[in-house]
2 protein chains.
Amino acid sequence: MSNKSRNSPVFLEKTIDLSLIFNILDLANQLKANGDKICQQYGVTTQQWLILLHLAHDPNIPYFERQEHSLPILASELAESLSVTRPNVTNLLQTLSQKELIEQMADQTDARRKRLMLTEKGWEVVRQIQPIRIRTNEWLFEDFDGPQKKEFLNFLQGCLTRITHAK
Amino acid sequence: MSNKSRNSPVFLEKTIDLSLIFNILDLANQLKANGDKICQQYGVTTQQWLILLHLAHDPNIPYFERQEHSLPILASELAESLSVTRPNVTNLLQTLSQKELIEQMADQTDARRKRLMLTEKGWEVVRQIQPIRIRTNEWLFEDFDGPQKKEFLNFLQGCLTRITHAK
DNA sequence: AAAAAATGGTTAAATTCATTAACTATTTCT
DNA sequence: AGAAATAGTTAATGAATTTAACCATTTTTT
């Protein structure tokens, strides 16, 4: 056994848990790459488009299932939903403002808060990307039926609940 | 209905397909954040650690199931497995070389190729992170039994096959 | 065998996304 | 009234990423 690289060392075993992790990460990567290719044609990145979807209040976003939410979203809420820091959100919002896709309005009752909204141009981008997005996703999952997808969703939500409630 | 943000516009419907996508992306984000917290203590990023795992030939990596592979990995193979560009891999490898975690060796039969290997220090990092990694993942999936995990893995692999074979 | 095409990798320049630390302004709590 | 928490920004920095152009080597084509 002269070549260490040919076979995995014993402490690196094949397990279903670790396979799951790698496959989730890989799939997310592919989805992001897919998203980039589409969004690029509309002058936004996937990350920016995700923010636009938040401002459009896409009901499929997990954050909106956890937190009821009646007013336009805040930067701090975006940070929480995207699991990034507030300064990062500030950055992204500046870019989107420069592109004139979003606008901010002072909150009526709390002067610290700024409510975020799409401009007409912002809505237009969301509207244009939507059919491509729906078509792509239907294609991706077309090998699976409703109950299978439901079960898969439960699994994902179970993991997410666990991981976000951890400490 | 004066406030557009309160309710989602009709063209943004709630569907299981779109919910699945968001949940996969969210879970991958959380896993990456988790990984960062662990890896940080060992002086590497999650991305760098993933590369180390490739050089260690972790059998759980999906790429190794698709491509049989008897010699130490190449930069171009890493790029394919990680779904990033070759220059990006060059960058990451430079960082890891500076940290003395990897080394490159000329291929015997093709002078263009460089075979990538872990240094003893690199193996040490992989070895140290491994138990934490296993413990964290067991915890994450402990609500689910073997058959459920198997089914979930099938789902992920099905999606990945579809998405990577697309054009 | 010579020319063309493909492959493996790097360099350079730029962008995006992200972080931490320090700060301002405002609101809430005690 | 004073202290603590909350919302957001600025500044400095770094990691990961891309595209375009390039070099060297191998493989394919003619």
Side-chain angles (χ1 to χ4, degrees), chain A residues 25 28-30 32-37 39-52 67 71-99 101-116, chain B residues 25 28-30 32-37 39-52 67 71-99 101-116:
Chain A
L25 293 177
N29 266 351
Q30 294 290 343
K32 199 181 149 300
N34 244 347
D36 280 337
K37 211 166 54 186
C39 293
Q40 204 169 285
Q41 301 164 357
Y42 297 92
V44 291
T45 65
T46 302
Q47 198 67 238
Q48 291 166 5
W49 171 61
L50 270 176
I51 290 186
L52 297 185
Q67 309 276 317
L71 290 171
I73 200 167
L74 302 175
S76 50
E77 294 172 327
L78 267 180
E80 191 190 337
S81 178
L82 298 170
S83 308
V84 297
T85 57
R86 283 199 305 283
N88 188 12
V89 171
T90 299
N91 256 347
L92 293 164
L93 293 177
Q94 278 172 356
T95 308
L96 289 170
S97 287
Q98 278 160 20
K99 293 182 183 176
L101 299 176
I102 67 166
E103 56 193 354
Q104 317 196 351
M105 279 188 55
D107 184 276
Q108 295 297 318
T109 65
D110 187 335
R112 293 169 305 180
R113 294 176 159 145
K114 296 178 179 175
R115 298 285 166 186
L116 301 167
Chain B
L25 294 177
N29 266 350
Q30 295 290 342
K32 199 182 149 296
N34 245 348
D36 281 336
K37 211 166 53 187
C39 294
Q40 203 169 286
Q41 302 164 357
Y42 298 91
V44 291
T45 65
T46 301
Q47 200 66 240
Q48 291 166 6
W49 172 61
L50 271 175
I51 290 186
L52 298 184
Q67 310 276 315
L71 291 171
I73 199 166
L74 302 175
S76 51
E77 293 172 327
L78 268 181
E80 190 190 337
S81 178
L82 298 170
S83 310
V84 298
T85 58
R86 281 198 309 280
N88 187 12
V89 170
T90 299
N91 252 348
L92 292 164
L93 293 178
Q94 277 172 356
T95 309
L96 289 170
S97 287
Q98 279 160 20
K99 294 182 182 175
L101 299 175
I102 67 166
E103 56 192 354
Q104 317 196 352
M105 280 188 55
D107 184 276
Q108 295 298 319
T109 65
D110 187 334
R112 293 169 305 179
R113 293 178 159 142
K114 295 178 179 175
R115 298 285 166 187
L116 301 167

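Letters go in sequence order (proteins before strands), and every chain restarts at 1.
Here dT26(D) is the nucleotide among dT26(D), dC17(C), dT19(D) with the atom lying nearest to any side-chain atom of Ala111(B). Distances were taken from every side-chain heavy atom of Arg113(B) (C-beta onward) to each of dT9(D), dA18(C), dG8(C); the shortest belongs to dG8(C). Closest to the side chain of Asp110(A), from the set dT19(D), dT20(C), dT27(C), is dT27(C). Listed nucleotides: dT10(C), dA7(D), dT19(D). Nearest to the side chain of Thr90(B): dT10(C). Nearest to the side chain of Leu92(A), among dC17(C), dT20(C), dT11(C), sits dC17(C). Here dA7(D) is the nucleotide among dT7(C), dA7(D), dG9(C) with the atom lying nearest to any side-chain atom of Arg112(A). Each of dG8(C), dA15(D), dT10(C) was ranked by its minimum atom distance to the side chain of Ser76(B); first place goes to dG8(C).
Counting to the nearest Å, the C1' atom of dT19(C) and the CD atom of Gln47(B) are 16 Å from each other. The separation between Met105(A) atom CE and dG8(D) atom C1' is 17 Å, rounded to whole Å. Remark: C1' of dA18(C) and CG of Leu50(A) are 15 Å apart, rounded to the nearest angstrom.
Using a 4.0 Å cut-off, some side-chain N or O of Lys114(B) falls inside it from OP1 or OP2 of dT10(C). Gln94(A) has a side-chain polar atom (N or O) that falls below the 4.0 Å cut-off from OP1 or OP2 of dT10(D). For dT16(C), the OP1/OP2 oxygens have no side-chain nitrogen or oxygen of Thr95(A) closer than 4.0 Å. Taking only side-chain nitrogens and oxygens, Gln48(B) comes nearer than 4.0 Å to OP1 or OP2 of dA16(D). Residue Asn88(B) places none of its side-chain N or O atoms closer than 4.0 Å to OP1 or OP2 of dA16(D).
Comparing Asn29(A) and Leu93(A) along DNA chain D, the residue whose closest nucleotide (by nearest heavy atom) sits nearer the 5' end is Leu93(A). Along DNA chain C, the nucleotide nearest Gln40(B) and the nucleotide nearest Asn91(B) are compared for position; the residue whose nucleotide lies closer to the 5' end is Asn91(B).
In this structure, Thr85(A) reaches the bases: a heavy-atom distance under 4.0 Å links it to at least one base atom across the strands shown. Using a 4.0 Å heavy-atom cutoff across all strands shown, Arg86(B) reaches at least one base atom of the nucleic acid.
Between the side chain of Ser97(B) and the backbone N or O of Leu93(B), at least one donor-acceptor pair lies under 3.5 Å. Judged by distance alone, the side chain of Lys99(A) and the main-chain N or O of Val44(A) form no donor-acceptor pair under 3.5 Å.
Contact check for Thr45(B) versus Thr95(B): no side-chain heavy atoms found under the 4.5 Å cut-off. For the pair Lys114(A)/Asp107(A), no side-chain contact is recorded, criterion being any heavy-atom separation below 4.5 Å from C-beta on.
Around the CD atom of Gln40(A), the shell of radius 6.0 Å holds no more than 12 heavy atoms that belong to other residues, nucleotides or ligands.
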